[in-house]
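Read the structure below first, then the notes.
A note on names: the letters A, B, ... follow the listed sequences, proteins ahead of strands, and every chain is numbered from 1.
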Protein chains: 2
Amino acid sequence: MARRTKEQAEQTRDALLDAAGQLFFSRGVGGTSLDDIAHAAGVTRGAVYWHFRNKADLFEALYERARLPQNDLLDGLLAAEAAADFLPSLERLCNDALGVLVADPARQRLFTILYLRQELVAELAAVIAARRAAHRDLRERVIARLNSATLAPPWTPRSAGFALVALWQGLVNEWLAEPGQFDLAGVGRQCFAGLFASLAGSGEAAAPPPWALPEKSA
Amino acid sequence: MARRTKEQAEQTRDALLDAAGQLFFSRGVGGTSLDDIAHAAGVTRGAVYWHFRNKADLFEALYERARLPQNDLLDGLLAAEAAADFLPSLERLCNDALGVLVADPARQRLFTILYLRQELVAELAAVIAARRAAHRDLRERVIARLNSATLAPPWTPRSAGFALVALWQGLVNEWLAEPGQFDLAGVGRQCFAGLFASLAGSGEAAAPPPWALPEKSA
DNA sequence: GTTTACATACAGTTGCGCATGTATATCAAT
DNA sequence: ATTGATATACATGCGCAACTGTATGTAAAC
């Protein structure tokens with residue numbers, strides 16, 4: 001082989017990232033050699049070292065390619081002035097985020113790597129640390145925003161924020177750990193419905209939100 | 001060095017397991033060589049291969065050494081006949097489990113490895129799969145047990161069980177990811193108080209359980 | 001005397017980083 | 001439009017380091 005056109009080069013770069021995503025997911029980052037990636041993409045290690053400096057650089061590129069558009073939505077919601085319907089909006093956002101995840105296998109693979117396979121290889125350290133900081137920041141902002149919302153006892157902004165983030169994270173982890181073993185969006189909708197009903201104080205008969213779909217059976 | 005007495009041999013075995021636990025935690029399972037472990041325990045790789053067949057065998061021994069006594073408690077609670085105070089008992093059990101974890105650094109390290117560093121190395125595959133199955137089984141049993149409890153709407157046994165397990169898991173993961181950055185037992189107590197109050201339908205003023213400690217500030 | 005509890009020594013493999021080869025795309029100059 | 005020069009997009013090959021598994025040595029416990 002010899003030199004290829006620019007579009008072809010971009011295609012091989014994408015192919016390398018795709019192959020890396022699949023292999024990192026199925027064999028782990030530390031368990032995947034650059035030769036594995038190159039072979040899966042139909043090239044050799046030379047191509048890898050042309051497009052990326054090393055495995056860490058490759059992984060960072062993979063991370064950058066999957067930035068969550070959902071983050072912008074949350075930013076907007078948190079930045080908005082105190083509105084009476086903050087809690088319903090937040091509930092809808094939680095459910096939407098689950099929907100986005102369910103519909104995007106590539107994101108599921110990356111989340112699996114980032115959430116429950118935080119290998120302590122040097123390649124991942126920077127990305128893991130950045131994501132952890134972002135996560136912590138998000139949680140704190142949710143708590144801060146909940147300070148200006150009316151919560152039913154015994155909830156406090158702090159406990160409610162922790163419960164929300166932990167519930168979302170726990171559900172996602174549970175689902176990623178046993179892929180497709182239950183209906184994440186449906187279960188999540190029920191759980192968030194219960195939690196938000198409790199937060200709002202409507203303990204008894206909360207009217208189902210208009211976007212609620214008919215409940216799937218187990 | 002030459003042959004040592006049986007008690008000394010048992011000590012070196014324990015020292016190897018201790019060293020492995022520390023190193024697996026700080027550098028990852030794939031990132032620590034058997035030579036690292038042996039050196040940290042003050043012996044050579046020969047000792048490792050005497051006590052264990054390989055790294056996988058060593059890790060399984062490490063896992064066996066830290067079986068949760070809490071599991072037995074939960075088994076008893078789930079097996080007991082339907083009692084009116086099932087929900088309060090379950091709430092106490094959740095808090096107790098958090099307390100056990102907070103007090104045991106070795107268990108924290110192992111949980112960190114098992115929960116958020118599921119490296120896909122062959123050494124871990126068996127243990128990870130076993131733990132995942134056990135976790136799934138526990139969730140299903142909690143749901144089954146909730147079928148004979150009275151839950152306030154909109155909760156169902158299924159959504160309540162998922163929410164409980166996900167909340168516990170999410171809180172623990174959050175805390176393990178940022179070690180010591182918040183008071184896990186205190187935050188957990190608040191979150192579970194809110195969730196269980198919602199499950200029981202006492203939306204307004206739930207009397208604090210007698211074992212509740214004074215709330216720590218952030 | 002035999003087994004035990006290691007230490008030491010010896011291949012064998014694997015993967016990384018880099019250096020080098022090479023054919024072609026790109027482009028300026030004619 | 002053709003041509004030459006150069007940069008590009010890889011492929012190939014090499015040395016090196018690390019790690020594993022095993023084989024063997026050995027002194028003390030039993």
- Is there a donor and acceptor pair, one atom on the side chain of Arg45(B) and one on the base of dG21(D), closer than 3.5 Å? yes
In whole angstrom, what separates [X]'s [atom1] from [N]'s [atom2]?
X: His39(A); N: dT12(D); atom1: NE2; atom2: P; result: 12 Å
X: Arg13(A); N: dT8(D); atom1: CZ; atom2: P; result: 16 Å
X: Asp57(A); N: dC16(C); atom1: CG; atom2: P; result: 14 Å
X: Leu34(B); N: dT22(D); atom1: CG; atom2: C1'; result: 13 Å
X: Glu10(A); N: dC10(D); atom1: CD; atom2: P; result: 10 Å
X: His51(B); N: dT4(C); atom1: NE2; atom2: P; result: 13 Å
X: Leu58(B); N: dG21(D); atom1: CG; atom2: C1'; result: 15 Å
X: Gln8(B); N: dA5(C); atom1: CD; atom2: C1'; result: 10 Å

- Query: What is the ring orientation for Phe111(A) with Trp168(A), classed by angle as parallel under 30°, tilted 30 to 60°, or perpendicular over 60°?
  - Reply: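 Phe111(A) vs Trp168(A) ring planes: perpendicular.
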Measuring from the side chain of [X] (C-beta onward, heavy atoms only), which nucleotide among [options] has the closest atom?
X: Lys55(B); options: dT20(D), dC16(C), dC6(C); value: dT20(D)
X: Asn54(A); options: dC10(D), dG17(C), dG21(D); value: dG17(C)
X: Trp50(A); options: dC6(C), dA9(D), dG17(C); value: dA9(D)
X: Ala47(B); options: dG17(C), dG21(D), dA7(C); value: dA7(C)

- Message: Restricting to non-hydrogen atoms, name the atom on Phe52(B) and the atom on Arg13(B) that form the minimum distance, rounded to 0.1 Å.
- Response: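 Heavy atoms only, the tightest pair is CE2-NH1, 3.5 Å.
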- Message: When you compare the side chains of Glu174(B) and His135(A), does any donor N or O come within less than 3.5 Å of an acceptor on the partner?
- Response: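 The answer is yes; a qualifying pair exists.
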- Message: Can you tell me if Thr5(B) touches the phosphate of dC30(D), counting only side-chain N or O atoms and a distance under 4.0 Å to OP1 or OP2?
- Response: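 Checking Thr5(B) against dC30(D): at least one side-chain N or O falls below 4.0 Å of OP1 or OP2.
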- Is any side-chain nitrogen or oxygen of Tyr49(A) closer than 4.0 Å to OP1 or OP2 of dG17(C)?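 Answer yes for this pair, as a side-chain N or O of Tyr49(A) is under 4.0 Å from OP1 or OP2.
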- Item | Geometric cation-pi criterion Arg117(A) and Phe25(A), 6.0 Å radius, 45° cone | yes
- Message: Check this for me: does any side-chain nitrogen of one of Asp18(B) and Arg65(B) sit under 4.0 Å from a carboxylate oxygen of the other?
- Response: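 Here Asp18(B) pairs with Arg65(B) in a salt bridge, since their nearest N and O are under 4.0 Å apart.
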- Residue closer to the 5' end of DNA chain D, Arg53(B) versus Glu7(B) (nearest nucleotide): Arg53(B)
- What nucleic acid atoms does Ser33(A) come within less than 4.0 Å of, heavy atoms only: base, sugar-phosphate, or nothing?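 Answer is sugar-phosphate: Ser33(A) comes under 4.0 Å of backbone atoms only.
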